[in-house]
A.B. asks: 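Pasting in a structure now, in structure tokens, and then I'll have a few things to ask.
Numbering of residues begins at 1 and proceeds along the displayed sequence. Remember, it's 1-based here, ligands and their atoms both numbered in the order they're listed.
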Amino acid sequence: MTLSLRFEHSYAEQLHGLYVPWQAQDWPAPELLLLNTPLAQSLGLDAQALQSPEGVAMLAGHAFPDTARPIALAYAGHQFGGFSPQLGDGRALLLGEIIDPSGARHDLHLKGSGRTPFARGGDGRAVLGPVLREYLISEAMAQLGVPTTRALAACTTGDRVLRQFGLEPGAVLARTASSHLRIGTFQFIAARGDHQKLRALLDYAIARHDPDLAGDPDAALKFLSRVTDRQVRLVAQWMGLGFIHGVMNTDNTTISGETIDYGPCAFMDRYAPETVFSSIDQQGRYAYRNQPGIILWNIARLAEAILPLIDADESRAIARATEVIEAGRARYRDAWLEVFTRKLALPAPDAPLIEEMHALWAGQEVDFTSFFRALPHALAGAPEGLRALFRAPGQALEDWLPRYRAAAPDVAALAARNPLYIPRNHLVEDALAAASDDGDLQPFRKLLDRVQAPFTEVAGAERYASPAPRDAPSVVTFCGT
Ligand code: AMP
Ligand code: MG
């Protein structure tokens, strides 16, 4: 079986100075653990060939076919509010772009593929737990209808890598994305003051994501507006699932509007808007409730980077960009209402009803995911399950329910719009520990099966739909692992 992969290399060909050509790493024993066969098929890739020795060597970053052109991408970024003019793929490589049967372009990118010139102090490695976490959560997001990068494969390298809690299996994630252009990509060029390259990057991004804007005299401003729109919709979807990204740095914010870089991310179990999972986010900058404000802050950094392209007159450029960002606030609000209108299956947005619902949850430790699945039963005259989700169910809930019923929800639609199975933290932790510590992938595969069909109830799978026990220790996730 030979691997005949047709790659295109538009990024490498058009964006000189925004990457460094790099190479494979000689691993002791690269092995394929997981292959996302449906994704491979949708990309027009031969799943059999990907499982061949050449295929596995590529997916593990061990040896590349001649058609690949491995490069480490350059980018900058604001991390927790502080600017780094040079970050880049310290442990990742872009192999090239795949054109799927519908003509859409996808980056094929490896994470954990060894040190690159951007590695700074890092070891260039990824370990099995975090690779499986990204695989699982990005798959869940895709099935939940959230724009996201996708996991194509997970490989182990055959060696062990030192991490906070000891030696762990080295691993590589192969992922696809509609591009790896980030706000930080623009910041990288802007920080170097190269107007011509900035224009080339904007043109490239527009050709890839907003081709209808090509040649528009107001392309830069309209592009800013499109990115804003995609990102506020994305964050509204996160909010509707209780998803907390954990590291919303500008290098982890895409131009495409896809969720990228699943590090210390998690789904909130019990509703608490101040929830943070990341061990390094001591200030709570990226807490659940802060995500909408942060995304607009990040968009403002994109605006700053492309300011000279918006208008040659700086103060006019600032005024116009500010207008777009201000409009973004209102667009977020609309997107958020749309998400919860859909979750409640309402015929039209009802802001007071949706806000009162959030107020109901305050201090009640309500399991966010279960609340929505309990609604159809409550509407059908069996509110006990819904009440039981509240620490102290009170009059507010009894008042809200008839208001909700009066708003004429489409009860039959609720189950198809609200997931039963999400990657719950305690299940994720157990599955990753079994895989990393005992080499047992069974718990992971079972959990993956459930989150790949998140709306469909399966008999005997109750534990996948249940919150962690109230006395379970809260989960902390770690960044850069
Ligand atoms: P992340 O937190 O994954 O978004 O990474 C932020 C930056 O740190 C990026 O430039 C990464 O390439 C880099 N980085 C993270 N972990 C490592 C590592 N183990 N080795 C080298 N670079 C890393
Ligand atoms: Mg990143």
Side-chain angles (χ1 to χ4, degrees), residues 18-20 22-23 25 27 61 70-94 107 109-135 137-138 148-149 151 157 159-177 179-188 191 231 244-256 258-266 276-282 285-286 294-295 298 301-302 476-481:
L18 264 172
Y19 62 89
V20 175
W22 205 239
Q23 68 238 357
Q25 279 272 326
W27 302 128
I71 58 175
L73 306 178
Y75 49 84
H78 275 89
Q79 299 182 302
F80 293 91
F83 186 62
S84 291
Q86 182 165 311
L87 294 169
D89 282 342
R91 52 163 173 174
L93 289 175
L94 177 67
D107 280 1
H109 190 254
L110 305 181
K111 182 164 169 180
S113 48
R115 294 193 82 230
T116 77
F118 300 111
R120 296 170 291 156
D123 61 4
R125 306 303 307 277
V127 294
L128 185 57
V131 162
L132 293 178
R133 176 192 294 279
E134 174 155 350
Y135 195 114
I137 300 192
S138 61
T148 178
T149 62
T157 57
D159 61 359
R160 299 201 150 245
V161 177
L162 188 61
R163 285 292 182 263
Q164 195 169 4
F165 301 113
L167 288 171
E168 298 187 34
V172 177
L173 180 79
R175 73 178 178 198
T176 63
S179 86
H180 280 81
L181 299 173
R182 316 140 188 269
I183 290 180
T185 317
F186 285 85
Q187 291 181 293
F188 182 87
Q231 282 292 342
I244 302 171
H245 181 281
V247 244
M248 289 177 69
N249 294 332
T250 57
D251 55 306
N252 292 339
T253 304
T254 56
I255 295 308
S256 64
E258 288 177 349
T259 312
I260 196 171
D261 243 330
Y262 292 85
C265 60
V276 173
F277 291 103
S278 170
S279 63
I280 59 170
D281 191 1
Q282 303 293 343
R285 179 180 171 90
Y286 299 139
I294 288 290
I295 202 59
N298 289 356
R301 305 288 78 77
L302 174 63
V476 177
T477 55
F478 296 90
C479 193
T481 46

A.B. asks: Between the side chain of Arg91 and the main-chain N/O of Arg125, is any donor-acceptor distance below 3.5 Å?
C.D. replies: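 Side chain of Arg91 to backbone of Arg125: a pair is present.
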A.B. asks: Please work out whether any backbone atom (N, CA, C, O) or any side-chain heavy atom from C-beta onward of Phe118 is under 4.0 Å from ligand 1, and answer side chain, backbone, both or neither.
C.D. replies: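 Answer for Phe118: neither.
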A.B. asks: Side-chain contact test, heavy atoms from C-beta onward, threshold under 4.5 Å: evaluate it for Arg160 versus Pro169 and give yes or no.
C.D. replies: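 Yes - at least one pair of side-chain heavy atoms lies under 4.5 Å apart.
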A.B. asks: Return yes or no for this condition: an N or O of Arg120 is under 3.5 Å from an N or O of ligand 1.
C.D. replies: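 Checking ligand 1 against Arg120, an N or O pair does fall under 3.5 Å apart.
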A.B. asks: Is a side-chain donor or acceptor of Asn252 paired with a backbone partner of Asp261 at a separation under 3.5 angstrom?
C.D. replies: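 Not at all, since once roles are kept as given, no pair shorter than 3.5 Å links the two residues.
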A.B. asks: If you count the atoms of ligand 1 from 1 in the order shown, which ones are under 4.0 Å from a heavy atom of Gln79?
C.D. replies: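 Numbered from 1, ligand 1 contributes 6 (C).
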A.B. asks: Write the atom name of the N, O or S atom in Asp261 that is nearest the Mg ion (ligand 2).
C.D. replies: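 Minimum-distance N/O/S atom of Asp261 relative to the Mg ion (ligand 2) is OD2.
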A.B. asks: Judged by atom type as modelled, is there a donor-acceptor pair below 3.5 Å linking the side chain of Trp22 to the main-chain atoms of Arg115?
C.D. replies: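 The answer is yes, because a donor-acceptor pair under 3.5 Å joins these two groups.
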A.B. asks: Nearest heavy atom to atom 11 (C) of ligand 1 wins, so pick from Gly88, Gly122, Ala119.
C.D. replies: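 That would be Gly88.
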A.B. asks: For the Mg ion (ligand 2), does an N/O/S atom of Asn249 lie at less than 2.8 Å?
C.D. replies: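 Of the N, O and S atoms in Asn249, none lies under 2.8 Å from the Mg ion (ligand 2), which means no.
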A.B. asks: Any nitrogen or oxygen of Asp261 lying under 3.5 Å from a nitrogen or oxygen in ligand 1? Just yes or no.
C.D. replies: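 Yes, Asp261 has an N/O under 3.5 Å of an N/O on ligand 1.
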A.B. asks: Say whether, by atom type as modelled, one donor and one acceptor occur between the side chain of Tyr19 and the main chain of Ala72 under 3.5 angstrom.
C.D. replies: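 Side chain of Tyr19 to backbone of Ala72, a donor-acceptor pair under 3.5 Å: no, none is there.
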A.B. asks: Below the 3.5 angstrom mark, is there an N/O of Arg91, backbone or side chain, next to an N/O of ligand 1?
C.D. replies: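 Yes - when backbone and side-chain N and O of Arg91 are compared with those of ligand 1, one distance drops under 3.5 Å.
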A.B. asks: Taking Thr250's backbone N and O only, do any of them form a donor-acceptor pair with Arg182's side chain (distance below 3.5 Å, no angle check)?
C.D. replies: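 No; zero donor-acceptor contacts below 3.5 Å.
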A.B. asks: Looking at ligand 1, does Arg115 have a heavy atom less than 4.0 Å from it?
C.D. replies: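 It does not, in that no heavy atom of Arg115 comes within the 4.0 Å cut-off of ligand 1.
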A.B. asks: Looking at the Mg ion (ligand 2), is one of the N, O or S atoms of Asp251 less than 2.8 Å from it?
C.D. replies: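 No, since none of the N, O or S atoms of Asp251 sits under 2.8 Å from the Mg ion (ligand 2).
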A.B. asks: Side-chain donor-acceptor pair under 3.5 Å between Gln231 and Thr253, yes or no?
C.D. replies: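 Absent: no donor and acceptor within the cut-off.
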A.B. asks: If you measure only the distance, is there a donor-acceptor pair under 3.5 Å linking the side chains of His109 and Asp89?
C.D. replies: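 Distance-only check passes for His109 and Asp89.
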A.B. asks: Quick one: does Asn252 get within less than 4.0 Å of ligand 1, heavy atoms only?
C.D. replies: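 For ligand 1, residue contact (heavy atoms, under 4.0 Å) with Asn252 is present.
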A.B. asks: If the cut-off is 4.0 Å to any non-hydrogen atom of Leu87, which atoms of ligand 1 fall inside it?
C.D. replies: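 Those atoms are 10 (O).
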A.B. asks: With a 4.0 Å cut-off on heavy atoms, is Gly124 touching ligand 1?
C.D. replies: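 Yes.
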A.B. asks: Whether the Thr149 and Tyr262 side chains hold a donor-acceptor pair (N or O, under 3.5 Å, no angle test) is what I'd like checked.
C.D. replies: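 Thr149 vs Tyr262: no donor-acceptor pair found between side chains.
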A.B. asks: For Arg125, take its heavy atoms, then give the atoms of ligand 1 lying under 4.0 Å from any of them.
C.D. replies: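 What qualifies from ligand 1 is 19 (N).
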